[in-house]
Amino acid sequence: MTEKEKMLAGKLYDPSDPELLALRAKAHRLSRDYNNVLEGEADKRHAILEAMGVHMGSNVYLQGPIYFDYGCFIEFGDNSYANFNLTILDTCPVHIGKNVFIGTGVSILTPLHPLRYQERNIYRKDNGDYTDKEYGKPIVIENNCWIASNVTICGGVTIGEGSVIGAGSVVTKTIPKHSLAAGNPCKVIREITENDSVYLKNL
C-alpha cells in the first residue's frame, strides 16, 4: 500500500511521504487563495475548491476563511453552509451531508496519534528525514444537522441525521439521529421532537 492508501484506510502512515507533502502544500496554498477572494466572487471561490478536489454538492457556501489539510478527501452535500474559520483536517474522509449548518470556529479533525509517547514522538528515518507515526478515523455528519459555534469533532465520529450539537462541544463519540447534544465531552441531552417547533413557541 502507498502511504496515502494507508492514511485513508486508517492505518499507521508516514506523513512525510512526498505525495502527501505535495497534496498538503497544494491544499494549504489554495486555502489561502480562497481566503483572499472576496465573497461576491463566487465563481473564483468555486474554482479554487474544485482545484483542491473538494467534492461539492449544489448551493454549498463556505463563508471563509477555511483551513483544509488535503481538501480532496472532503465532501459537502447540497445546500450546506459553513460560517467563519472552518478547519478540516482530512487525513481520512470527511462526509458532510445535505442541509448541514456549521457555525463559526468549527474544527473537524480526523487525525489521531498514539497515546504512548514512545510511539508518538518524532523520529529520524534512515534517509535523515524527520517524521512521526500517525493514523486517523473518518468523520460523517449526516443530513440536516446543525453544528453550532466552536465545536470540535474528533476522528471516528458520526453525527446522526437531524441532530444539533451545542456551542463549544467536543464530540468524541457518535451521536444518534435527531438528538440535542452538548458538552465536553459531548453527551446527548434529549431527543429533538415536534414539540421543539419554533412555531409552537411563537403562537
Side-chain angles (χ1 to χ4, degrees), residues 8 10 31 34 39 42 45-46 48-50 52-112 136-203:
L8 291 172
S31 292
Y34 186 94
E39 292 176 26
R45 283 185 157 195
H46 183 79
I48 290 167
L49 294 174
E50 199 170 61
M52 200 186 300
V54 179
H55 303 278
M56 305 283 287
S58 62
N59 195 39
V60 173
Y61 186 80
L62 309 180
Q63 176 68 53
I66 60 169
Y67 307 97
F68 294 169
D69 210 15
Y70 290 95
C72 52
F73 309 125
I74 302 170
E75 179 181 3
F76 288 92
D78 298 345
N79 304 317
S80 287
Y81 168 83
N83 214 319
F84 298 107
N85 291 316
L86 173 63
T87 297
I88 302 181
L89 303 186
D90 53 321
T91 60
C92 277
V94 172
H95 173 81
I96 297 167
K98 298 178 182 179
N99 300 296
V100 172
F101 285 17
I102 298 175
T104 58
V106 168
S107 296
I108 300 171
L109 313 174
T110 66
L112 297 164
K137 293 182 180 178
I139 291 173
V140 176
I141 303 173
E142 295 182 347
N143 297 342
N144 303 309
C145 289
W146 172 22
I147 312 300
S149 295
N150 298 313
V151 168
T152 298
I153 302 172
C154 299
V157 162
T158 293
I159 297 176
E161 181 175 2
S163 289
V164 174
I165 308 299
S169 298
V170 179
V171 189
T172 60
K173 294 183 179 178
T174 289
I175 303 298
K177 296 180 179 181
H178 310 298
S179 298
L180 173 62
N184 181 7
C186 187
K187 295 181 180 178
V188 174
I189 297 170
R190 61 177 174 81
E191 184 181 8
I192 298 171
T193 71
E194 291 180 2
N195 292 330
D196 290 301
S197 171
V198 70
Y199 296 105
L200 290 176
K201 296 176 182 179
N202 286 281
L203 289 177

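Computed from a prediction, not measured in an experiment: that's the story for all the values here.
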Engineer: Can you give me the closest heavy-atom contact between Ile141 and Cys145, atom names plus distance?
Structural biologist: CG2-CB, 3.8 Å
Engineer: Could you tell me whether the side chain of Ile147 reaches within less than 4.5 Å of the side chain of Ile108, counting heavy atoms only?
Structural biologist: no
Engineer: Mind checking whether Asp69 and Asp90 have side chains closer than 4.5 Å, heavy atoms only?
Structural biologist: yes
Engineer: Rounded to the nearest 0.5 Å, what separates atom OG1 in Thr104 from atom CG in Leu86?
Structural biologist: 10.5 Å
Engineer: Looking at side-chain heavy atoms only, is the closest gap between Pro185 and Val170 below 4.5 Å?
Structural biologist: no
Engineer: Could you pull out the closest heavy-atom pair between Ile66 and Ser31, with the gap in Å?
Structural biologist: O-CB, 3.7 Å
Engineer: Counting only heavy atoms from other residues, nucleotides and ligands, does the tally under 6.0 Å from CZ of Phe101 exceed 12?
Structural biologist: no
Engineer: I'd like to know whether Glu39 forms a side chain to side chain contact (heavy atoms under 4.5 Å, CB included) with Arg45, so could you lay out the CA-CA distance, the side-chain angles of the two residues, the decisive distance to 0.1 Å, and finally the verdict.
Structural biologist: CA-CA 8 Å; Glu39 292 176 26; Arg45 283 185 157 195; 4.0 Å; yes
Engineer: Measuring only between side-chain heavy atoms, which start at C-beta, is Asn85 closer than 4.5 Å to Tyr67?
Structural biologist: yes
Engineer: Run the side-chain contact (heavy atoms from CB on, under 4.5 Å) test against Glu194 and tell me which residues pass, sequence neighbours left out.
Structural biologist: none
Engineer: Would you confirm whether Ser163, through its side chain, and His178, through its main-chain N or O, come within 3.5 Å as a donor-acceptor pair?
Structural biologist: yes
Engineer: Answer yes or no: is there a side-chain heavy-atom contact under 4.5 Å between Phe73 and Val94?
Structural biologist: no
Engineer: Which heavy atom of Ile96 sits nearest to which heavy atom of Ser80, and what is that distance?
Structural biologist: CG2-OG, 4.3 Å
Engineer: Would you please say whether a donor-acceptor pair under 3.5 Å links the side chains of Thr152 and Ser107?
Structural biologist: no
Engineer: Take Leu49 and Leu62 through the side chain to side chain contact (heavy atoms under 4.5 Å, CB included) test and state the conclusion after the steps.
Structural biologist: CA-CA 10 Å; Leu49 294 174; Leu62 309 180; 3.9 Å; yes
